[in-house]
Amino acid sequence: MLGPTYDLLGYKRLIVDYHFSAFVPGTLAQANAGDYVAAAADLGADAVLVYAKDHWGHCYYATPTYPRHPNVPQDLFGQVLAGLRQRGMTGYAYFSVGWDEHAVRSQPEWAMRDAEGAPIRRGAPDDDHITGRWTYLCSNSPYRDYALNQIHEIVAGYDFPALFLDILFLNPARQVCHCAHCQALWARAHAAALPTTFTPAYIQFAVEALGRFHRDARAVIAAAGKTIQTTHNLGLPYDDDDYVAFEINPLGRNYFRGSALAKIMRAE
């Protein structure tokens with residue numbers, strides 16, 4: 001992970017990647033901020049990316065409005081941030097933008113949709129019973145305001161130096177979003193119909209939409225009177241990013257790849 005200074009964001013960043021549904025009884029029932037922080041310290045991390053909201057749409061911060069994991073009623077996000085500070089480590093926020101199953105299942109009109117009207121989901125082979133089939137939400141839909149309001153709660157209620165916006169990229173399936181919101185927005189700027197495949201014009205249209213969300217998130221931070229650096233995951237220009245980080249699960253093969261990629265992309 002690279003930032004403007006290692007003093008601000010640390011060099012060795014740890015992400016404890018958890019996107020747990022509530023379908024299995026007891027999941028996360030023993031979540032404990034003290035154990036979490038102690039484990040991060042034992043691993044020698046300088047910084048920890050702490051979950052504010054996961055792919056299910058579970059919020060782990062103290063919110064009176066949005067879905068919480070039923071087995072995590074405590075302010076796990078805030079407790080972990082406080083524990084990290086006591087240990088001399090930096091904690092900053094992880095927020096899932098493009099996947100939020102609570103939101104899309106309650107408001108299906110917020111989903112990205114293909115030319116036939118079917119929701120666009122992360123693909124996985126039929127025999128893959130592990131990989132999540134997350135549904136992509138469209139940032140041109142009212143989900144935009146829903147997510148920005150959550151970001152407002154987080155940045156207004158907590159102090160941390162950086163925010164990582166996950167799933168803020170072109171969907172890897174390369175499926176054009178044909179939801180009603182995208183069709184209307186496209187029609188205002190183009191005489192031709194919305195394409196059914198990725199074209200240069202559509203890529204520009206989609207990248208601009210994702211960039212608008214990122215800039216809107218930065219505006220929410222500024223309106224809250226906070227100085228919080230932001231970045232997105234990958235695959236888009238870094239024009240609006242303050243730092244570059246690469247999420248990586250090395251699986252024992254290459255523990256240097258993430259750091260090398262971050263350095264290369266920052267130089268680029």
Side-chain angles (χ1 to χ4, degrees), residues 53 55 57 95-101 103-105 107-125 131-151 163-223 229-247 261-262 264-268:
K53 187 184 82 165
H55 294 341
F95 184 87
S96 178
V97 177
W99 294 336
D100 181 327
E101 286 297 310
V104 79
R105 294 183 188 195
Q107 302 288 341
E109 69 276 12
W110 294 353
M112 294 182 70
R113 295 188 175 272
D114 64 20
E116 284 71 47
I120 298 175
R121 293 191 172 94
R122 179 187 181 189
T131 305
R133 289 171 174 80
W134 308 107
T135 305
Y136 288 96
L137 285 119
C138 184
S139 64
N140 290 327
S141 77
Y143 172 69
R144 168 188 168 278
D145 291 333
Y146 179 93
L148 290 172
N149 287 338
Q150 292 177 318
I151 291 173
L163 172 66
F164 181 83
L165 299 170
D166 199 11
I167 320 301
L168 192 64
F169 49 59
L170 297 174
N171 71 83
R174 296 190 178 185
Q175 291 177 282
V176 173
C177 181
H178 279 257
C179 76
H181 312 286
C182 281
Q183 292 195 52
L185 191 61
W186 176 272
R188 287 201 290 269
H190 300 83
L194 186 63
T196 56
T197 60
F198 271 27
T199 64
Y202 177 74
I203 291 173
Q204 181 179 2
F205 171 81
V207 168
E208 287 175 352
L210 295 168
R212 278 196 301 274
F213 182 91
H214 193 168
R215 290 188 292 275
D216 288 343
R218 292 169 64 89
V220 167
I221 292 169
Q229 300 196 17
T230 65
T231 194
H232 71 283
N233 199 337
L234 55 85
L236 296 174
Y238 282 93
D239 297 341
D240 299 307
D241 298 67
D242 296 303
Y243 68 102
V244 177
F246 272 79
E247 175 188 354
L261 285 173
I264 290 167
M265 289 307 298
R266 184 171 186 233
E268 183 76 12

Side-chain donor/acceptor of Trp99 to backbone N/O of Asp166, under 3.5 Å: no
Pair Arg218 + Asp240, salt bridge at N-O below 4.0 Å: no
Heavy-atom closest contact (Leu185 atom, Arg212 atom, distance): CD2-NH2, 3.4 Å
Residue pair Arg144, Trp110: steps toward the side chain to side chain contact (heavy atoms under 4.5 Å, CB included) verdict: CA-CA 9 Å; Arg144 168 188 168 278; Trp110 294 353; over 6 Å; no
Greater than 12 external heavy atoms within 6.0 Å of Arg133's CZ: yes
Side chain to side chain contact (heavy atoms under 4.5 Å, CB included) evaluation trace for Glu101 with His55: CA-CA 7 Å; Glu101 286 297 310; His55 294 341; over 6 Å; no
Flag, side chain of Tyr136 to backbone of Ile167, donor-acceptor distance under 3.5 Å: no
Exercise: identify the closest heavy-atom pair between Pro195 and Thr199: CG-OG1, 3.8 Å
Nearest non-hydrogen partners of Gln183 and Leu194, listed with the distance: CG-CD2, 3.9 Å
Flag, side chain of Lys53 to backbone of Ser96, donor-acceptor distance under 3.5 Å: yes
Nearest-0.5 Å distance, OG1 of residue Thr197 to CZ of residue Arg174: 10.5 Å
Check: Thr231 side chain, Val244 main-chain N or O, donor-acceptor pair, under 3.5 Å: no
Nearest atoms (heavy-atom pairs only) where Gly117 meets Arg113: O-NH1, 2.7 Å
CD on Glu109 to NE2 on His181, rounded to 0.5 Å: 6.0 Å
Chi angles and distances behind the side chain to side chain contact (heavy atoms under 4.5 Å, CB included) call for Val176, Ile120: CA-CA 9 Å; Val176 173; Ile120 298 175; over 6 Å; no
Test item: His214 side-chain N/O and Ala209 main-chain N/O as donor-acceptor pair under 3.5 Å: no
Reported CG-to-OG distance for the pair Asp145 and Ser139, which is rounded to 0.5 angstrom: 11.0 Å
Sole candidate of Asn171, Asn140, Leu137, Val104 that passes side chain to side chain contact (heavy atoms under 4.5 Å, CB included) when paired with Met112: Asn171
Exercise: identify the closest heavy-atom pair between Ala192 and Trp186: O-NE1, 2.9 Å
Point-to-point distance, once rounded to the nearest 0.5 Å, from CG of Asp100 to OH of Tyr146: 5.0 Å
Spatial distance of atom CZ (Arg215) from atom CG (Leu210) [nearest 0.5 Å]: 10.0 Å
Atom pair SG (Cys177) and OH (Tyr202), whose distance is rounded to the nearest 0.5 Å: 5.5 Å
Over all atoms of both residues, closest heavy-atom pair of Cys138 and Tyr143: O-CB, 4.0 Å
Flag for Thr135-Arg121: side-chain donor and acceptor within less than 3.5 Å: yes
Side chains of Phe213 and Ile151 in contact at under 4.5 Å (non-hydrogen atoms): yes
